[in-house]
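Small disclaimer: the values here were computed from a predicted structure and weren't measured. Both ligands and their constituent atoms are indexed starting at 1 by order of listing.
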Amino acid sequence: MLEVTNLTKSFGKLKVLDDVSVRMHAGQAISLIGPNGSGKTTFLKCLLGLVMPDGGAMTLQGKSIVGGWDYKRQLGYMPQIGRYPDHIRVGQLFEMIQEIRRGTFEKLDEELMHAFGVAEFAHKTMRTLSGGTRQKVSACLALLFDPAVLILDEPTAGLDPMASEILKEKILAEKAKGKLILVTSHIISDLEELTTDVMYIMEGKVRFYQPIDTLKSRTGEQKLNRALAKIMTTQSVTTKQ
Ligand code: ADP
Ligand code: MG
């Protein structure tokens with residue numbers, strides 16, 4: 001569904017993505033993990049068209065997306081830190097984005113908005129919202145247009161436990177619909193609950209990319225955090241196509 005071939009990106013002398021080639025399919029939920037500064041966000045931003053790669057190819061459903069616009073209607077993105085105009089009210093923000101997207105989507109998915117009770121804080125300005133409430137707004141926007149691909153950067157960070165559970169349930173429901181989901185998180189237990197595969201990026205290279213079940217059986221571990229610890233110490237570098 002989404003295919004990346006020989007993707008490279010440098011910032012000045014720093015090679016941030018070094019010949020990355022991966023295939024991602026509908027129905028997969030992929031954990032993107034790796035140390036700080038390893039290139040995870042840059043990888044996601046290349047897919048989103050927010051960073052222009054230096055080289056390589058990216059296709060969605062067989063069509064090139066490099067430099068394209070139209071494909072973006074198929075993506076939902078929840079940034080790690082959502083930035084919004086300070087003085088816009090929550091309700092106005094949702095109206096504005098729907099207006100911008102008019103004619104580019106098939107149906108609205110307001111399920112998460114209802115679950116988070118957005119109507120109760122729709123009159124508030126973005127400036128006055130707590131970090132967690134902003135995250136709720138970002139999550140609702142990422143899911144609103146029923147995208148085929150969900151890209152979630154630290155989706156549960158900053159959410160209270162109840163909100164975190166609501167969001168995870170929604171992500172699981174989207175996964176069950178057969179969407180492609182990419183998630184970064186430092187909370188391994190969340191990734192274990194939500195995802196089917198793990199992609200480990202280090203120094204701009206994909207060190208391994210495997211189903212979680214394979215990782216567990218190869219290492220003989222039941223828990224993802226222990227399996228990851230084991231595989232990282234044995235320096236295994238196989239990748240899945
Ligand atoms: P991660 O998300 O894995 O923590 P990033 O993809 O954000 O890593 O960053 C990878 C490296 O690229 C870091 O060293 C970071 O400082 C650098 N970097 C990211 N964006 C830019 C940019 N716009 N200009 C210069 N350097 C950048
Ligand atoms: Mg990052």
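At a cut-off of 2.8 Å, T41 coordinates the Mg ion (ligand 2) through an N, O or S atom.
Less than 4.0 angstrom separates some heavy atom of S38 from each of these atoms of ligand 1: 1 (P), 3 (O), 8 (O). For ligand 1 and T41, the ligand atoms under 4.0 Å from any heavy atom of the residue are 1 (P), 2 (O), 6 (O), 7 (O). For ligand 1, the atoms sitting less than 4.0 Å from at least one non-hydrogen atom of P35 are 3 (O), numbered in the order shown with element in parentheses. For ligand 1 and G39, the ligand atoms under 4.0 Å from any heavy atom of the residue are 1 (P), 3 (O), 6 (O), 8 (O), 10 (C). Counting the atoms of ligand 1 from 1 in the order shown, those under 4.0 Å from a heavy atom of V16 are 10 (C), 11 (C), 12 (O). Atoms of ligand 1 found under 4.0 Å from any heavy atom of T42, numbered from 1 in the order shown, are 5 (P), 6 (O), 9 (O). Counting atoms of ligand 1 from 1 in the listed order, those under 4.0 Å from a heavy atom of N36 are 4 (O).
Closest to atom 23 (N) of ligand 1 among all protein heavy atoms lies F11 CE2, 3.6 Å.
For atom 16 (O) of ligand 1, no protein non-hydrogen atom is found at a distance below 4.0 Å.
For the salt bridge (charged side-chain N to carboxylate O under 4.0 Å, His left out) test with D146, the passing option among K170, K107, R73 is K107; the others fail.
The closest side-chain heavy-atom distance from L60 to V149 is below 4.5 Å. Residues M126 and P85 are not in side-chain contact: their nearest non-hydrogen atoms beyond the backbone lie 4.5 Å or more apart. In this structure, P53 and L17 have side chains that are not in contact, with every pair of non-hydrogen atoms separated by 4.5 Å or more. Taking 4.5 Å as the limit, some side-chain heavy atom of F43 sits within range of a side-chain heavy atom of V22.
Shortest non-hydrogen contact noted between E221 and K230 is OE2-NZ, 3.3 Å. Summarising the geometry of Y200 relative to G34, their closest heavy-atom pair is CE1-CA, 3.7 Å, with the distance given to 0.1 Å.
Contact annotation: for L14 versus ligand 1, heavy atoms closer than 4.0 Å belong to the side chain alone.
Of the N or O atoms in G37, one or more lie within a sub-3.5 Å distance of an N or O in ligand 1.
Inspection of the T8 and D19 side chains reveals no N or O donor paired with an N or O acceptor under 3.5 Å.
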Working for salt bridge (charged side-chain N to carboxylate O under 4.0 Å, His left out), residues E192 and K216:
CA-CA 11 Å; E192 187 161 19; K216 285 180 179 173; 2.8 Å; yes
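Residue-ligand proximity: G34 is placed with every non-hydrogen atom at 4.0 Å or more from ligand 1. Under the 4.0 angstrom criterion for non-hydrogen atoms, G12 is not in contact with ligand 1.
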